[in-house]
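See below for the structure under consideration.
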Amino acid sequence: MSPPPSRDPAHDTFPKLLLRNAAVRGARVAMREKEFGIWQSWTWAEMAREIRCIAQGLAELGVARGDKVALVGDNRPQLYWSMCAAQCLGAVPVPVYQDAVADEMAYVIDHAGAKLAVAEDQEQVDKLLQIRKKAPGLARIVFEDARGMRNYDDAALTSFARVREIGAAREAKDAAWLDAEMAAGRGADASVMLYTSGTTGQPKGVLLSYDNVIRTAENAIAFDGLNETDEVLAYLPMAWVGDHIFSYAEAYVAGFCVSCPESGATVMTDLKEIGPSFFFAPPRIFENILTQVSIRIEDAGAFKRWLYRYFMALAKRVGIALMDKKPVAAADRLLYALGEFLVYGPIKNVLGLTRMRLGYTAGEAIGPDIFDFYRSLGLNLKQLYGATESSVFICMQPDGQIKSDTVGVAAPEVEIKIAESGEVLVKSPGIFQAYYKNPEATAAAKTDDGYYKTGDAGFFDKDGHLKIIDRAKDVGRLQDGTLFAPKYVENKLKFFSYVKEAVAFGHGRDAVAAFVNIDLEAVGNWAERQGLAYASYQELAAKPEVYDLIAACVEKVNRDLAEDPNVAGSQVRRFLILHKELDADDGELTRTRKVRRNFIADRYGPLVDALYSGAERGHISTVVTFEDGRTGRIEADLAIREAPRFAPARRVELARAG
């Protein structure tokens with residue numbers, strides 16, 4: 001089923017929207033980048049001229065309608081411009097995760113059939129040169145940052161500056177040719193190809209049309225009241241659908257400004273300087289920010305700690321009610337205003353969120369305490385539920401109807417129903433065209449009547465808000481028939497700032513067991529306050545005091561699980577703290593930091609066996625990949641702890657609505 005066309009056929013592609021923005025708001029700043037500590041800006045008119053020159057240059061290099069153009073690097077204006085430039089020619093951009101190792105990159109570029117790649121710098125160029133035998137179709141590599149490449153003489157390499165130069169010359173001679181190419185694009189054409197994270201196998205190329213992306217962006221902008229005065233910080237991977245929607249599609253549709261940080265290491269500093277009005281981050285980012293706040297408060301003087309705790313207790317009691325415009329006593333309103341001056345305002349200023357009027361988090365569940373912390377400060381943080389295959393938006397939270405344990409109601413023009421199996425099925429204008437070169441997977445992902453099978457299990461609560469409990473295929477049963485949703489358990493563990501990752505096991509077994517990764521920064525700070533010395537992650541993770549700390553978290557999780565009769569049997573019986581952080585380079589996480597549970601179960605099989613054998617310790621020898629690509633082996637004997645479990649509340653049937 002084809003999506004409905006964009007509401008405005010004259011602006012149904014991003015190149016057409018670019019021309020509209022250059023004409024309507026040409027003097028407004030469209031994009032910023034921080035380089036060498038200085039912010040540089042481009043207006044919509046200036047950006048349109050840059051993109052036209054790049055498009056003409058790419059055409060001179062042979063890029064034509066239907067070709068695939070890979071984009072590899074951090075968030076840089078030149079990469080975003082190259083995306084639109086490729087679209088001007090009718091080519092399809094294929095963003096690639098910049099931290100992907102060479103083999104992962106080779107698969108995507110070869111599968112996509114990319115003939116040209118635009119790379120940020122030497123690091124990415126080296127990987128692209130390395131994979132050419134595995135991706136023989138890659139004939140040309142354009143690089144933006146020439147540092148370190150003075151002696152590179154490969155004929156396939158062309159500098160971005162040179163592409164722009166030859167493009168500018170061609171534009172001066174024949175601008176009408178490019179005008180015709182841009183006008184030839186249609187909303188039904190393929191706009192972008194984004195690869196899935198590959199949690200259970202090889203990534204799939206998701207083809208999204210302009211109609212898919214622009215229609216959903218239009219709906220989301222109307223839902224949240226975004227406009228040309230808004231600003232966002234583009235720091236999440238360009239290959240991820242969230243960045244494509246928030247930092248590209250919505251910016252072109254609404255006409256607002258996108259800012260690129262200097263580097264991944266400076267994001268928090270750059271966030272403070274920009275002060276975006278619209279901010280998106282996965283839960284781990286919000287968790288990391290709160291961890292930083294907590295660490296700084298613990299290091300503050302006694303009076304500041306008292307002041308913070310007093311006013312945060314007040315915010316927890318009345319802040320969310322004020323946000324939702326509910327009745328609050330006059331005295332509490334006055335105290336909250338004082339707290340805004342003394343505590344809340346300074347915190348938001350330090351975090352760079354003073355101007356944030358809308359924030360979103362998605363990808364994983366966010367801890368209720370973390371979610372409520374931000375909302376109690378007066379920050380309009382919401383959760384959404386989406387997928388690459390739906391151009392992000394499936395569920396959104398309307399103002400005044402925010403719940404920490406649901407993902408909201410159906411987004412505009414989205415239909416949701418729950419299959420008999422409990423799987424969430426979705427129909428919307430954003431549903432993807434196809435998985436590239438994979439008609440079997442495309443057919444399997446869609447029902448005969450046009451619904452996309454999300455693969456997630458969920459149900460509607462009494463207010464019509466959707467709750468997601470896990471991937472449908474991952475929901476299992478313990479030996480006694482108890483429902484076991486591993487992600488549900490893992491997320492509850494990850495709600496604690498001391499826990500960075502967790503992996504739960506239990507399907508077909510007599511009880512639940514778990515691996516835990518500690519958060520080095522949070523636990524390290526705690527250890528310093530306790531006077532515990534350590535020299536490495538492995539040494540810190542093995543300390544009995546750290547096990548006691550994590551045991552208290554597991555106990556709290558078990559108490560919470562016991563309160564829900566549907567999952568009370570999923571309480572964690574035994575756990576261990578892994579000796580290393582789970583790493584995407586080792587295949588343990590996807591590039592979007594999703595746990596590859598089956599891979600981990602195989603890789604750490606001896607530890608899983610030890611958890612269920614009753615042993616007090618487990619031995620493991622693990623091959624690890626270092627940042628420079630070298631591999632090594634580390635061995636460890638890990639302690640295993642028992643966790644207290646609690647009597648469940650009275651069992652009731654899980655409610656489900658369609």
Side-chain angles (χ1 to χ4, degrees), residues 97 99-101 103-104 196-201 203 237 240 264 282-285 287-288 291 363-365 367 470-471 474 486-506 512-524 536-542 546-547 549-550 553-554 557 572 574-611 618-627 629-641:
Y97 284 101
D99 59 349
V101 297
D103 285 346
E104 295 171 341
T196 61
S197 56
T199 309
T200 57
W240 182 54
R284 61 185 171 84
I285 299 295
E287 291 162 6
N288 291 343
T291 297
E364 295 284 351
D470 209 331
R471 296 292 290 172
D474 290 336
K487 184 182 286 188
Y488 189 76
V489 177
E490 291 162 2
N491 285 337
K492 279 191 170 292
L493 287 165
K494 288 162 62 177
F495 290 163
F496 294 92
S497 62
Y498 300 123
V499 178
K500 186 171 186 178
E501 292 291 350
V503 188
F505 308 96
V512 175
F515 292 166
V516 172
N517 258 174
I518 59 172
D519 185 291
L520 181 59
E521 186 171 17
V523 176
S536 66
Y537 178 96
Q538 185 173 353
E539 184 178 343
L540 179 63
V546 173
Y547 263 85
L549 181 69
I550 299 303
C553 299
V554 176
V557 167
V572 178
R574 308 186 84 211
F575 74 94
L576 59 80
I577 303 176
L578 284 174
H579 58 304
K580 67 175 287 291
E581 291 187 277
L582 297 175
D583 195 329
D585 287 346
D586 292 328
E588 298 156 342
L589 304 174
T590 68
R591 290 296 162 187
T592 53
R593 295 200 61 82
K594 294 177 182 176
V595 167
R596 300 183 68 190
R597 194 176 296 107
N598 293 337
F599 180 89
I600 291 170
D602 291 338
R603 180 176 173 87
Y604 296 101
L607 295 181
V608 177
D609 293 341
L611 282 169
H619 180 79
I620 191 69
S621 177
T622 314
V623 175
V624 297
T625 303
F626 301 111
E627 288 186 4
R630 293 181 300 111
T631 59
R633 183 175 292 274
I634 57 175
E635 297 194 21
D637 284 298
L638 307 181
I640 296 174
R641 284 281 188 98

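By convention here, the first residue in the shown sequence is residue 1. Reckoned from all heavy atoms, side chains included, excluding hydrogens, waters and symmetry mates.
- Atom CG of residue D470 and atom CD of residue E490 lie 7.5 Å apart, to the nearest 0.5 angstrom.
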Donor-acceptor pairs are to be reported for all side-chain atoms of residues 513-522 against protein atoms at under 3.5 Å, with residues two or more places apart or in another chain.
residue : atom : partner : partner atom : Å
N517    : OD1  : L582    : N            : 2.7
N517    : ND2  : Y537    : OH           : 3.2
N517    : ND2  : K580    : O            : 2.8
D519    : OD1  : E521    : N            : 3.1
D519    : OD1  : A522    : N            : 3.0
E521    : OE1  : Q292    : NE2          : 2.9
E521    : OE2  : Q292    : NE2          : 2.5

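- Taking 4.5 Å as the limit, every side-chain heavy atom of D474 sits out of range of all side-chain heavy atoms of K487.
- The nearest pair of heavy atoms linking A639 to Y547 is O-OH, 2.6 Å.
- In this structure a side-chain-to-backbone donor-acceptor pair under 3.5 Å is missing from Y498 to L549.
- Pairing each heavy atom of R574 with each of A610, the nearest pair is NH1-O, 3.1 Å.
- Between I577 and L638, every side-chain heavy-atom pair lies at or beyond the 4.5 Å cut-off.
- For E287, there are no salt bridge (charged side-chain N to carboxylate O under 4.0 Å, His left out) partners two or more places apart in sequence or in a different chain.
- Taking each heavy atom of T625 and D585 in turn, the nearest pair found is OG1-O, 3.7 Å.
- Closest approach of A584 to E104, counting heavy atoms only: O-OE2, 4.2 Å.
- When all heavy atoms of L578 and A541 are compared, the pair lying nearest together is O-CB, 3.7 Å.
- Panel note: side chain E501, backbone D583; no donor-acceptor pair is recorded below 3.5 Å.
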Side-chain donor-acceptor contacts of residues 600-609 below 3.5 Å, not counting sequence neighbours, with atom names and distances?
residue : atom : partner : partner atom : Å
R603    : NE   : E588    : OE2          : 2.7
R603    : NH2  : V623    : O            : 2.3
Y604    : OH   : E588    : OE2          : 2.6

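- Minimum heavy-atom separation, Q538 to A636: NE2-CB, 3.5 Å.
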